[in-house]
Number of protein chains: 2
Amino acid sequence: MVTMSEVAKAAGVSRATASYALRGDPRIAPDTAQKVLNAANELKYTANLSARSLRSGHNGVIGVAIFELDRPYPSEMSAAISREATKHGLQTIVQQTSISKDSEIGILKKVTSQLCDGMIFSPSNVSDQEIRILAGGKPIVLLDALSHSPMFDTINTPCETGAQAAIDHLINVGCRNILVIGAGGPLEQTDGTIAGEHQDDATYDVTQPMLAKTSQDASVSDRRAYGCLQSFAEHGMPITTSTFLPMPRWDEDAARSVGRQIARAMQGEDATSRVKQPGMAPRPVPHDVDGIFCMTDTIALGVMRGLADCGVNVPRDVKVIGFDGISEGEYSIPSLTTISTDLGDLAKQAVSQLLDRINNPDSGREPEIITARYQLIERESTNTPTSK
Amino acid sequence: MVTMSEVAKAAGVSRATASYALRGDPRIAPDTAQKVLNAANELKYTANLSARSLRSGHNGVIGVAIFELDRPYPSEMSAAISREATKHGLQTIVQQTSISKDSEIGILKKVTSQLCDGMIFSPSNVSDQEIRILAGGKPIVLLDALSHSPMFDTINTPCETGAQAAIDHLINVGCRNILVIGAGGPLEQTDGTIAGEHQDDATYDVTQPMLAKTSQDASVSDRRAYGCLQSFAEHGMPITTSTFLPMPRWDEDAARSVGRQIARAMQGEDATSRVKQPGMAPRPVPHDVDGIFCMTDTIALGVMRGLADCGVNVPRDVKVIGFDGISEGEYSIPSLTTISTDLGDLAKQAVSQLLDRINNPDSGREPEIITARYQLIERESTNTPTSK
DNA sequence: TTGAAAGCGCTACCAG
DNA sequence: CTGGTAGCGCTTTCAA
C-alpha cells in the first residue's frame, strides 16, 4: 500500500505539503501541487480513510441504516439516498439493522456511527435517547421518527396527507365500504383489543379514542390512520369497528392470507366472517367491501394476490390502493394505484439536513421536521369501467 | 467520545491491559478482565474502528459491492450475505457501484476496500486486473466473474445447469417453440448482428458459432445461453435465428415492451413480426411461441406484464419461466416459475471463502470457483391445464 | 509558501 | 500476567 510519505518523497516535498496539495488547498503553489498530483497518479496513491478519519474526524462517507435490505421500499430509499449523496461528493454505505433485533443497537453503535461522518437512520425499535448514545455525537437524520418531537432532524413520509388522498381517491372512484389494512386505527387499544367491538359492528362514535390516540402516538401506521379519519370525516362517512384491520407484521405473506380471508368474506361463504391472524384476536371484516387501502404497497400486492387466489377480481370486484410507490406496483397485474412517496425529494432533504449538521456541528439549531412530497399514481387497481 | 485510556484509568490498569481484556485475550486474569469490562460498560465505551483499523489492519467489517441497490436480486443477495456474515461475528456494509459507471472504480478504491477487511464484489465493468489494483491487497470474492479463469475466488450462479433445467422444464410441460429472452445466444456476433439471419429463419447449423463463443466468453447471459443449448441438443430440438432474443438492457420496462411485441406477433397482426429495441437491429420473433425462458425474473415479470397488456394469458397461451428466484415472483399474478438460486448457499460460500482469505492471507492457494445451488420452483406461469 | 513535529485511539511488541 | 512504548497514515497547528 502506497502512503503519502512515498508520494511526498517522489514529488520532492514534505508530507504536509503533499497533504495540502492532494486536497487542493490554495496555499500550495500551483506547480508544486501539480507535481504532487502527478506523483500520486503515478504511484496510484489512495488516501487511507481510517487514518484520515482518525485524525480529522471525518472521511466523506455517510451511513444509511435501514431495517431490511431485501424489501423494495427501504432498498429504493437507500438507492435514492446513495445517488443524492454522490451529487455532494459523498460515499454512502448501507447497513441492515434487522438481522437480529437484539443486536440492532450493537450494529449501529459499532459500525454505522463510527465509519461515517453521519448517518441517516430509519428507526424501528430504538428510542431517541438510545440513538443519541449510539451515535457517539455524530449527526443523525431520522426517517419517520417514532415520536412527535424527535431529538434529531427528521424527514417524514407524507403519512397524513397521503393517506387522506388515498381514501379521497377510493371515494372518488365510487367506493362506499372502505377497508383499511395494516393499521389498528383509532379503535385499537393498547391492550390489543378494539374499542366498541361489543357494539355489534354498528356505527360507533370514535371521537374520544381517536383524539386520545393521535395526540400520543406518531407511528407511521397511526399517522396514516389519522389521515384516513380526516377523509372519512370530510366525506361524512362513518367508520365502524371493521373499518380498520391491523396486521401484526407488514409482510406479503401475511397480507396474502388476509386477502384470501377477505375474498371468502366477500363471497359470503360465512355470514359472520372474521379475519384470523397469528398473534391477534380475530377481527370482523365487512362483507360488502368495495375499496381497500393498504398501509404499504407490499401489503397491497399481497392482498391482491390473496384475492386472486380466491377468484376475486381487482378492480372489478374491489378496488385497491397502496402507499409507497415501489416500482413493483408498476408491473404487477393489475398495476397498483398508490400514494407514491417522492424518494428523490426525501433523499435530497435528508442529505441536505445531514450535511448541514456535519458542516455546522455547533449551530445549535432546533431539530427540524420535514415531510417529503408524494404523488397519487392512478393505475389499474382502482380503474372504474368507464375510466378506461 | 470515551477512549480506551479512560476505561483503563477507571479500571485502574494500563491501556495495554485494557486492550487485551476488551478483546478477551486469555492472558489477562479473569477478575482483571471483569474489572475492565465493567468499567467499559459503565462508561459506555466503544472501540474506535478507525483507530483499530489503522493499527491492526482489520476491523471486522466486510463490504459488499453490487450494481444496484434497488433491484430485487442484488438486494436479496446483499441481505443474505449480511445475515451470513453476522453468524461469523462480522458486520457488513453495502455499496452500490452503479451511480455513475465512471465512478464505479473510484467508489471501490475509495471506500469498499478501505473500510473493510475484504469485500464481496459483483463486477460489471471492471476487469480482474483493475479490481486487483483497486482492492489494495485486500481479499476479494467475486460473484459471477466475467472470465473463465478469474484471479479471485468466485461464486458463480448456476447458469449452465440452471438454464438447462429451465428449458427442460418448458419442454416437459409441453412447449415446442421456445423463445429465450435476454441473451444473444450462439448466433449473436461481436458486431451485434446475428449469424445466419439471412438464412430466412430456417434451421441453421449453429455448431461453429456456438463453440466459438462459449470457449471465449463467460458472461452470465452467455453461460445461461449455453445451458439452453445443452437442453435443446439433448431433446433434439433445433434452434433457429429467432430462438434467442437479446436485450440491450435487462430492465423491466424494456421487457414489458418486448412482451407487448411478442403478444402482437402471437396474435398475428403482422405476418413477419420483428421485435424492435432501442440500440439494436430488429429481431425476428416466432409467431407460434408457446414457452419463454427469461434470463432473469425481472425480465420475466416485465414480459408477462407486456403480454397481459395485449390480452395474452400466461400460462394458457404461453408459459414463462424466469431465473433468480426473487420473492416478487411468488406473489405475482400469475406467480412465476423460476430457477431459484440458493442465496443462502451462495452467501455461505462467499463469506466462507472471504474469511479464509482474511485469516490466511499468505496461503497462496489458487483461486477457487464455486457454483451455488439452485432449485426449480414450479408455479402458475408454467402450469398445464391438467397439472392443476 | 513550505516543513517539522505532535498527536488522533488503538494494537502488539517487548520487558518486567 | 501486566505495563511501557512505538508506531499505523494522516491532518494540522506552529515556525521558518
Side-chain angles (χ1 to χ4, degrees), chain A residues 1-37 39-40 43-61 109-111 113-117 136-138 361, chain B residues 1-37 39-40 43-61 109-111 113-117 136-138 361:
Chain A
M1 191 178 207
V2 36
T3 75
M4 207 166 74
S5 295
E6 303 176 47
V7 174
K9 198 163 66 179
V13 297
S14 75
R15 274 163 49 212
T17 306
S19 175
Y20 289 128
L22 286 167
R23 282 172 299 140
D25 192 300
R27 83 186 81 172
I28 302 293
D31 52 342
T32 312
Q34 195 55 51
K35 243 185 342 192
V36 174
L37 257 46
L43 298 169
K44 301 203 184 306
Y45 166 77
T46 324
N48 180 317
L49 287 186
S50 296
R52 169 177 297 173
S53 190
L54 178 59
R55 178 63 230 227
S56 70
H58 48 88
N59 61 4
V61 178
K109 178 164 61 180
K110 210 175 153 200
V111 176
S113 64
Q114 297 229 352
L115 261 28
C116 316
D117 298 345
K138 289 279 175 66
Chain B
M1 191 176 207
V2 35
T3 75
M4 208 167 74
S5 295
E6 304 176 47
V7 174
K9 198 164 65 178
V13 297
S14 74
R15 273 162 53 212
T17 305
S19 174
Y20 290 126
L22 286 168
R23 282 172 298 141
D25 192 298
R27 84 184 83 172
I28 301 295
D31 52 342
T32 313
Q34 196 53 53
K35 240 184 345 189
V36 175
L37 257 47
L43 299 170
K44 299 200 185 311
Y45 166 78
T46 324
N48 181 319
L49 287 187
S50 296
R52 168 177 299 173
S53 190
L54 177 60
R55 178 64 232 229
S56 71
H58 49 86
N59 61 6
V61 179
K109 178 165 59 181
K110 208 177 155 200
V111 175
S113 65
Q114 297 229 351
L115 261 28
C116 314
D117 298 345
K138 289 279 175 66

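We name chains A, B, ... by the order of the sequence lines, and we start the count at 1 in each one. Please read all numbers here as calculations on a predicted model, not as lab measurements.
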Rounded distance (Å) that lies between atom C1' of dC8(C) and atom CZ of Arg55(A)
6 Å
Under 3.5 Å, is there a donor-acceptor pair between the side chain of Lys35(A) and the main chain of Gly12(A)?
no
Thr17(B) side chain near dG3(D) phosphate (N/O to OP1/OP2, under 4.0 Å):
yes
Whole angstrom is fine here: how far is it from NE2 in His58(A) over to C1' in dT12(D)?
11 Å
When rounded to the nearest 0.5 angstrom, what distance separates CG in Leu54(A) from CG in Leu54(B)?
6.0 Å
So which one's nearest nucleotide on DNA chain D is more toward 5', Tyr20(B) or Ala51(B)?
Tyr20(B)
Are Thr32(A) and dT2(C) close enough that a side-chain N or O sits under 4.0 Å from OP1 or OP2?
yes
Please determine whether a side-chain nitrogen or oxygen atom of Ser14(A) lies at a distance below 4.0 Å from atom OP1 or OP2 of dT2(C).
no
Please compare Thr3(B) and Gly12(A) by the position of their nearest nucleotide in DNA chain C and report the one closer to 5'.
Gly12(A)
Does dT11(D) have OP1 or OP2 under 4.0 Å away from a side-chain N or O of Ser19(A)?
yes
Which part of the nucleic acid, if any, lies within contact of Ala16(A), taking any heavy atom under 4.0 Å across all strands shown: a base, the sugar-phosphate backbone alone, or nothing?
base
Rounded to the nearest 0.5 angstrom, the OG-CG distance for Ser56(B) and Asp117(B) is 7.5 Å
Does dA12(C) have OP1 or OP2 sitting under 4.0 Å from an N or O in the side chain of Arg23(B)?
yes
Between dC10(C) (P) and Arg52(A) (CZ): distance, integer Å:
21 Å
Here the distance between atom C1' of dT2(C) and atom NZ of Lys9(A), to the nearest Å, is 19 Å
Hey, what do you get for CD (Gln114(B)) to OG (Ser53(A)), rounding to the nearest 0.5 Å?
11.0 Å
Take atom NZ of Lys35(A) and atom C1' of dT1(C), then tell me their distance rounded to the nearest Å.
12 Å
Nearest-Å distance, CG (Asn48(A)) to C1' (dG7(D))?
14 Å
Taking atom P of dG9(C) as reference, at what distance in whole Å does atom CG of Leu54(A) sit?
7 Å
dT2(C) phosphate, OP1 or OP2, under 4.0 Å from Arg27(A) side-chain N/O:
no
Is any side-chain N of the basic residue among Asp25(A) and Arg27(A) closer than 4.0 Å to the acidic one's carboxylate O?
yes
Sugar-phosphate, base or nothing in reach of Ser53(A), heavy atoms under 4.0 Å:
nothing
Can you tell me the distance, in whole Å, between the CG atom of Leu115(A) and the P atom of dC8(C)?
21 Å
